[in-house]
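First comes the structure, then the notes that go with it.
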Amino acid sequence: MLIYLRKVLYFIANTRKTEYIYSKMQDYGLVSIITPTLECERFISETIKSIIAQTYQNWELLIQNDCSTDDTERIVRSFAEKDARIRYESNSRNLGAAVTRNNALRRAKGRWIAFLDSDDLWLPDKLEKQLRFMTENNYAFSYHEYTEINEDGKQLDVYVSGIRKVSEFGMYACCWPGCLTVMYDAEKIGLIQVADVKKNNDTAMWLKVVKKSPCYLLKENLASYRRRKVSITPKPLWKKIWAHYPLFRIAEQMNPIRAAFWVIVNVFGNGYKKAFYVKRR
């Protein structure tokens, strides 16, 4: 009887030790989630809930409000009162998405930086799988696949993937990562701040990060991008093309000829991505 009891106690002790070691191994460090917001009262609750539901719980959510006039602040504060990991701040005036992200990034305390706009959603195991992917492969910069949903959260049968490794040239030629898919190691990359460009400011950020590390694809769907009516309103082709010029001229400080060259390259690069890496079922 005494021998049996000893075996049981030994088993329990070793099981607890194994569980403890396992839990410590799974703690990859703090993730700072950057969420700029503007007039998103309709969607931001669902976005926050998708973060709270993450299987990986060592995160801080940095919501930076660009002076919304709707009920965004009240909604966010109702979550922040219950969860200290949710940290809310508002700009003193409307500054645009680029500066709003910059402000949130300066508040970040985590080793890992991830991005989720205030109308998009993560699947519950997004952080856990992407952190494992990066640490096991010693990657400093990564992205993953995603699907698209409409304003009501219904799947649009659009699946977006990308190339396995995005080099500096590859990122200049085409914005491969969706903003909601990106994660980078701040210990290796450092603080990123971008110029105040109104369009493609997320791409401006990836162009700075990719100079320090290639971006690697985790080939798995881990998020849903919300395609809103304002984003699907038809625009003249020349306006879509011209929107890339400030990215290279202002954010990358290129001369006009070089900036125009990369705008043309982007036309073909984005066309290639849509033809081969965006699947419509």
Side-chain angles (χ1 to χ4, degrees), residues 27-124 126-128 130-131 146 149 151 153 178-187 189-198 201-202 204-205 209 222-226 228 230-231:
D27 187 0
Y28 301 105
L30 179 66
V31 181
S32 293
I33 304 163
I34 307 302
T35 300
T37 186
L38 177 65
E39 317 293 3
C40 266
E41 65 176 1
R42 181 180 170 188
F43 310 108
I44 197 165
S45 290
E46 194 176 0
T47 298
I48 295 172
K49 288 176 182 177
S50 80
I51 295 171
I52 294 173
Q54 289 297 301
T55 56
Y56 187 80
Q57 288 286 299
N58 190 7
W59 50 261
E60 62 172 359
L61 172 57
L62 306 176
I63 298 178
Q64 192 78 25
N65 191 351
D66 196 18
C67 295
S68 299
T69 58
D70 62 5
D71 212 21
T72 293
E73 180 172 353
R74 184 195 63 78
I75 294 169
V76 174
R77 288 194 182 280
S78 70
F79 282 96
E81 288 171 0
K82 300 172 185 175
D83 194 330
R85 295 173 299 177
I86 301 171
R87 298 166 52 202
Y88 172 84
E89 187 175 284
S90 181
N91 296 337
S92 58
R93 57 187 176 86
N94 182 266
L95 298 171
V99 179
T100 301
R101 278 199 190 93
N102 285 346
N103 290 345
L105 280 164
R106 288 197 297 273
R107 297 163 54 203
K109 297 178 180 178
R111 172 184 174 181
W112 308 94
I113 305 295
F115 299 83
L116 184 63
D117 286 348
S118 56
D119 51 0
D120 297 331
L121 305 173
W122 282 347
L123 273 63
K126 178 262 188 346
L127 289 179
E128 180 184 0
Q130 193 166 13
L131 286 165
Y146 65 95
I149 58 176
E151 290 194 354
C179 187
L180 71 169
T181 74
V182 168
M183 184 183 292
Y184 65 79
D185 185 344
E187 289 184 357
I189 303 300
L191 175 65
I192 299 295
Q193 300 278 272
V194 300
D196 184 12
V197 288
K198 303 305 178 186
N201 42 76
D202 53 343
M205 193 162 290
V209 180
L222 297 174
S224 296
Y225 171 79
R226 196 182 301 272
R228 295 170 62 183
V230 66
S231 64

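Small disclaimer: the values here were computed from a predicted structure and weren't measured. What's counted below: heavy atoms across the whole structure, side chains too, no hydrogens, waters or symmetry copies.
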Test side chain to side chain contact (heavy atoms under 4.5 Å, CB included) on Leu131 and Met183; report intermediate values, then the result. CA-CA 9 Å; Leu131 286 165; Met183 184 183 292; 3.6 Å; yes
Where Leu123 and Ala223 come nearest, the two heavy atoms and their spacing: CD1-N, 3.6 Å
Which heavy atom in Cys40 sits nearest to a heavy atom in Asp119, and how many Å separate them? SG-CB, 4.3 Å
Hey, are the side chains of Ile51 and Phe79 touching, using non-hydrogen atoms and a 4.5 Å cut-off? no
Closest contact, heavy atoms only, Cys67 versus Ser90: N-OG, 4.1 Å
I'd like to check the side-chain hydrogen bond (donor to acceptor under 3.5 Å, both in side chains) partners of Glu39; sequence neighbours left out, ordered by chain and number. Thr69
If I take atom OG from residue Ser118 and atom CD1 from residue Ile75, how far apart are they, to the nearest 0.5 angstrom? 10.5 Å
Separation between CD1 of Ile63 and CG of Leu116, rounded to the nearest 0.5 Å: 9.5 Å
Using the test salt bridge (Lys or Arg N to Asp or Glu O under 4.0 Å), find all partners of Asp70 that sit at least two apart in sequence or belong to another chain. none
Please tell me if the side chains of Arg228 and Arg42 come closer than 4.5 Å, counting only heavy atoms from C-beta onward. no
Contact between Ile48 and Thr35 at the side-chain level, heavy atoms closer than 4.5 Å - yes or no? no
Using only atom types and a distance under 3.5 Å, with no angle test, would you say the side chain of Arg77 pairs donor to acceptor with the backbone of Tyr88? no
Spell out, as yes or no, whether a donor-acceptor pair under 3.5 Å connects the side chain of Asn103 to the backbone of Thr100. no
Can you find a pair of side-chain heavy atoms, one from Met205 and one from Leu105, that are under 4.5 Å apart? yes
Angle class for the Tyr146/Tyr225 ring planes (parallel below 30°, perpendicular above 60°, tilted otherwise)? perpendicular
Rounded to the nearest 0.5 Å, what separation is found between the CG atom of Leu95 and the CG atom of Asn102? 10.0 Å
Look up atom OH in Tyr56 and atom OH in Tyr28, then write down how far apart they are to the nearest 0.5 Å. 8.0 Å
Can you confirm whether Leu180 sits close enough to Phe115 that some side-chain heavy atom of one is under 4.5 Å from a side-chain heavy atom of the other? no
With respect to Arg74, which candidate in Asp71, Thr72, Val76 satisfies the side-chain contact (heavy atoms from CB on, under 4.5 Å) definition? Asp71
Examine distances only and state if a side-chain atom of Arg87 and a backbone atom of Leu62 form a donor-acceptor pair shorter than 3.5 Å. no
Calculate, to the nearest 0.5 Å, the distance between atoms CZ and CD1 belonging to Arg107 and Ile34 respectively. 8.0 Å
Within a strict 4.5 Å, meaning less than it, do heavy atoms of the Val194 and Arg101 side chains meet? no
Which residues pass the salt bridge (Lys or Arg N to Asp or Glu O under 4.0 Å) test with Arg106, sequence neighbours left out? none
Could you tell me whether Lys109 and Glu60 make a salt bridge, using a distance below 4.0 angstrom between a side-chain N and a carboxylate O? no
I'd like to know whether Trp59 forms a side chain to side chain contact (heavy atoms under 4.5 Å, CB included) with Ile52, so could you lay out the CA-CA distance, the side-chain angles of the two residues, the decisive distance to 0.1 Å, and finally the verdict. CA-CA 9 Å; Trp59 50 261; Ile52 294 173; 4.2 Å; yes
Considering only residues two or more places apart or on different chains, which pairs with a residue in residues 31-50 satisfy ring pair (Phe, Tyr, Trp, His ring centres under 6.0 Å)? none
Smallest separation among heavy atoms of Gly190 and Tyr184, with atom names: O-CE1, 4.1 Å
Would Arg111 and Asp185 count as a side chain to side chain contact (heavy atoms under 4.5 Å, CB included) if you check the C-alpha gap in whole Å, the side-chain angles of each, and the deciding distance to 0.1 Å? CA-CA 6 Å; Arg111 172 184 174 181; Asp185 185 344; 2.9 Å; yes
Please identify each residue that fulfils side chain to side chain contact (heavy atoms under 4.5 Å, CB included) with Leu222, with sequence neighbours left out. Asp125, Lys126, Lys129, His144, Leu218, Glu220
Would you check if the side chain of Thr37 reaches a backbone N or O of Asn65 as a donor-acceptor pair within less than 3.5 Å? no
For Ser50 versus Leu121, what's the shortest heavy-atom pair and its separation? OG-CA, 3.9 Å
Which residues pass the side-chain hydrogen bond (donor to acceptor under 3.5 Å, both in side chains) test with Asp202, sequence neighbours left out? none
Rounded distance [0.5 Å steps], CD in Gln64 versus CG in Leu38: 12.0 Å
Write down the atom of Leu127, the atom of Val31, and the distance for their closest heavy-atom approach. CD2-CG1, 4.0 Å
